[in-house]
Amino acid sequence: MKVLVIGKGGREHALVWKLAQSPRVERVYCAPGNAGTAQDGVNVDIAAGDIERLVRFARREGIGLTVVGPEEPLALGIVDEFQRAGLRIFGPPRAAAELEASKVFAKELMRQADIPTAEFRVFDHPDPARKYIETREYPLVVKADGLASGKGAIVCSTREEALAAVDLIMVKEAFGAAGRRVVIEKRLEGEEVSIMALVAGRTLVPLPPTQDYKQALDGDRGPNTGGMGAYCPVPAVTPDLLRAIETTILIPTVHAMHNAKRPFKGVLYAGLMLTAQGPRVLEFNVRLGDPETQPVLMRLKTDLLDLLEAVVDDRLHEFPEDKLLWDERPAVCVVVASEGYPGTYHKGRTITGLDEVARVSDVKVFHAGTRRSDSKIVTDGGRVLGVTALGDNFALARARAYQAVHMLEFAGMYYRKDIAERAVRRSQEASASDM
Ligand code: AMP
Ligand code: GLY
């Protein structure tokens, strides 16, 4: 079968790499892809949002399955268009993608369905938003309603910061039309985890928990990014906690979407805060996370094509959670970014060391913002590479990932130095208390 992956980041490179390992896959295309997807598959020069051309390409090439990485084409209705053209595609239809495309929609759905999330209010004018902020005693988070590449949520410590956030989103329109409405919610304290689950009809199969590092700088400081690193699994999420998340959050959300006549299909991703009162939803995504997908797929042993087809064809019940095979070892992914990201940064910087790292076992460098320029591979985005490693324990996986990072170089390269530190500490504490 020929398969098409849509997108150009680390998540898409991981999908291309994993799908190419399936014995039933004849060729994996990636549109538009990056220098890494061109090594493990074949790039097609069509933008992820150009649905018409993507449909034409899939028809002409006889693509048996298309897999959508990013949220934008989902929100534009790519799944509906492919299905109309009689093409098989993995992802939710536009109506269900609203769960990610509108934070207002998601928060109201959660309120109606009694799904645990932070208290909130919605505003479509800056004045009432400011008045509301003046009356609040606790720290707040101000969020643009629409899509903003993970950067539209501003976590505020003071009233002044919250007022400035309203100004940035609603008056200066930093995120364009996405900021026409804002959600203002209570700031929650705790550890963050990402829970992704495959969903088809009434069947839901959770994937192992991951933890993402949203802030740009060590110690969770600096602005929010798309994600600076991730690891899988998460010691803090015990099997019991995962069951509780399934029954109080994931399943009620799938039911609520069904009742709202927006049946969900694809990957449901819940970004959660583990508070002292229990898990609370920070956001929903309607696709695989990036970089979370990189450590997850590094550990997956089951054929990914079989799994994705089971979702598309409504046969997911054939894959109960215990039938999925995972590498026992944890995986750690360190994102290597361009200095300046999530703000402005340079492109076109030559990357060295990739061939050397390719020879290291249990390490895979997934490309994100890269492209080929003559015989070189150069930077082409804010997040450049996702250096992903397996190890017998978290300390070893982490050490291996950073060893590989140290072999790579480009001008203005930067990365967080504390990815998975927490997991190392947790797992060491856990094994000490076992003794
Ligand atoms: P979102 O786009 O809603 O997931 O928000 C992006 C990031 O902002 C989250 O991953 C959290 O790190 C942070 N965040 C969002 N909402 C809250 C909240 N209510 N309390 C604390 N942090 C939050
Ligand atoms: N890493 C967060 C996301 O994919 O939205």
Side-chain angles (χ1 to χ4, degrees), residues 7 9-12 14-15 68-72 74-75 97 99-107 110 116-121 136 138-157 161-162 165 169 175 178-179 182-196 207 209-217 219-232 267-277 279-296 333-335 337 341-342 366 368 382-383 386 416 419:
R11 164 185 50 212
E12 288 75 22
L15 284 165
V68 188
E71 58 275 22
E72 290 86 359
L74 295 169
L99 194 58
E100 174 166 3
S102 168
K103 293 204 187 284
V104 173
F105 172 81
K107 292 293 287 194
M110 286 188 266
T117 187
E119 270 175 53
F120 72 101
R121 291 274 302 269
R136 293 298 106 177
Y138 42 77
L140 296 168
V141 182
V142 182
K143 299 181 175 182
D145 174 41
L147 296 179
S149 310
K151 299 158 203 161
I154 303 177
V155 181
C156 309
S157 304
E161 280 176 30
I169 297 174
F175 308 107
V182 293
V183 169
I184 301 186
E185 66 181 39
K186 190 171 179 175
R187 179 172 168 178
L188 303 172
E189 301 292 333
E191 187 169 338
E192 255 185 270
V193 293
S194 307
I195 306 292
M196 299 190 273
L207 302 176
T210 57
Q211 190 160 71
D212 178 23
Y213 286 75
K214 291 263 165 46
Q215 282 97 341
L217 307 174
D220 293 335
R221 290 171 305 110
N224 270 335
T225 69
M228 292 298 294
Y231 62 83
C232 172
V267 171
L268 175 63
Y269 165 136
L272 306 176
M273 188 72 93
L274 304 180
T275 73
Q277 288 76 40
R280 299 280 180 274
V281 178
L282 298 177
E283 66 162 345
F284 284 119
N285 294 325
V286 298
R287 42 145 186 106
L288 288 161
D290 193 10
E292 294 92 321
T293 299
Q294 302 175 47
V296 169
C333 167
V334 178
V335 170
Y341 173 76
F366 294 114
R383 292 192 290 176
R416 280 183 63 158
I419 303 302

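All figures in this text were calculated on a predicted structure; none of them were measured in a lab. The first residue of the sequence shown is numbered 1, and numbering continues consecutively from there. Just so you know, ligand 1 is whichever comes first in the structure, and atom 1 is the first atom listed for that ligand.
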* Keeping the roles fixed (side chain from Asp145, backbone from Val182), state whether a donor-acceptor pair exists under 3.5 Å. =>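 No.
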* To do: Would you check, one step at a time, whether the test side-chain contact (heavy atoms from CB on, under 4.5 Å) holds for Arg287 with Val267?
  => CA-CA 5 Å; Arg287 42 145 186 106; Val267 171; 5.5 Å; no
* To do: Quick one, list the residues around ligand 1 where some non-hydrogen atom comes in under 4.0 Å, by chain and residue number.
  =>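 Correct list: Lys103, Val141, Lys143, Ala153, Val155, Glu185, Lys186, Arg187, Leu188, Glu192, Lys214, Asn224, Met273, Leu282, Glu283.
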* **Chi angles and distances behind the side-chain contact (heavy atoms from CB on, under 4.5 Å) call for Val281, Leu272** => CA-CA 5 Å; Val281 178; Leu272 306 176; 3.8 Å; yes
* To do: Test Asp212 against Glu192 for side-chain contact (heavy atoms from CB on, under 4.5 Å), laying out the working first.
  => CA-CA 8 Å; Asp212 178 23; Glu192 255 185 270; over 6 Å; no
* Supply the atom-to-atom distance Leu217 CG to Met228 CE, rounded to the nearest 0.5 angstrom. =>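 Between atom CG of Leu217 and atom CE of Met228 there are 8.0 Å.
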For [X] and [Y], which heavy atoms make the closest approach, and how far apart are they?
| X | Y | result |
| --- | --- | --- |
| Glu191 | Tyr231 | OE2-OH, 4.2 Å |
| Asn224 | Pro342 | O-CG, 3.6 Å |
| Phe175 | Ala144 | CD1-CB, 4.1 Å |

* Asked: When you look at Glu292 and Tyr269, which way does the side-chain contact (heavy atoms from CB on, under 4.5 Å) test go after all the steps?
  -> CA-CA 10 Å; Glu292 294 92 321; Tyr269 165 136; 2.5 Å; yes
* Got the residues with a heavy atom under 4.0 Å of ligand 2, by chain and number? ->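 Residues within 4.0 Å of ligand 2: Asp212, Lys214, Gly226, Tyr269, Asn285, Arg287, Gly289, Asp290, Pro291, Glu292.
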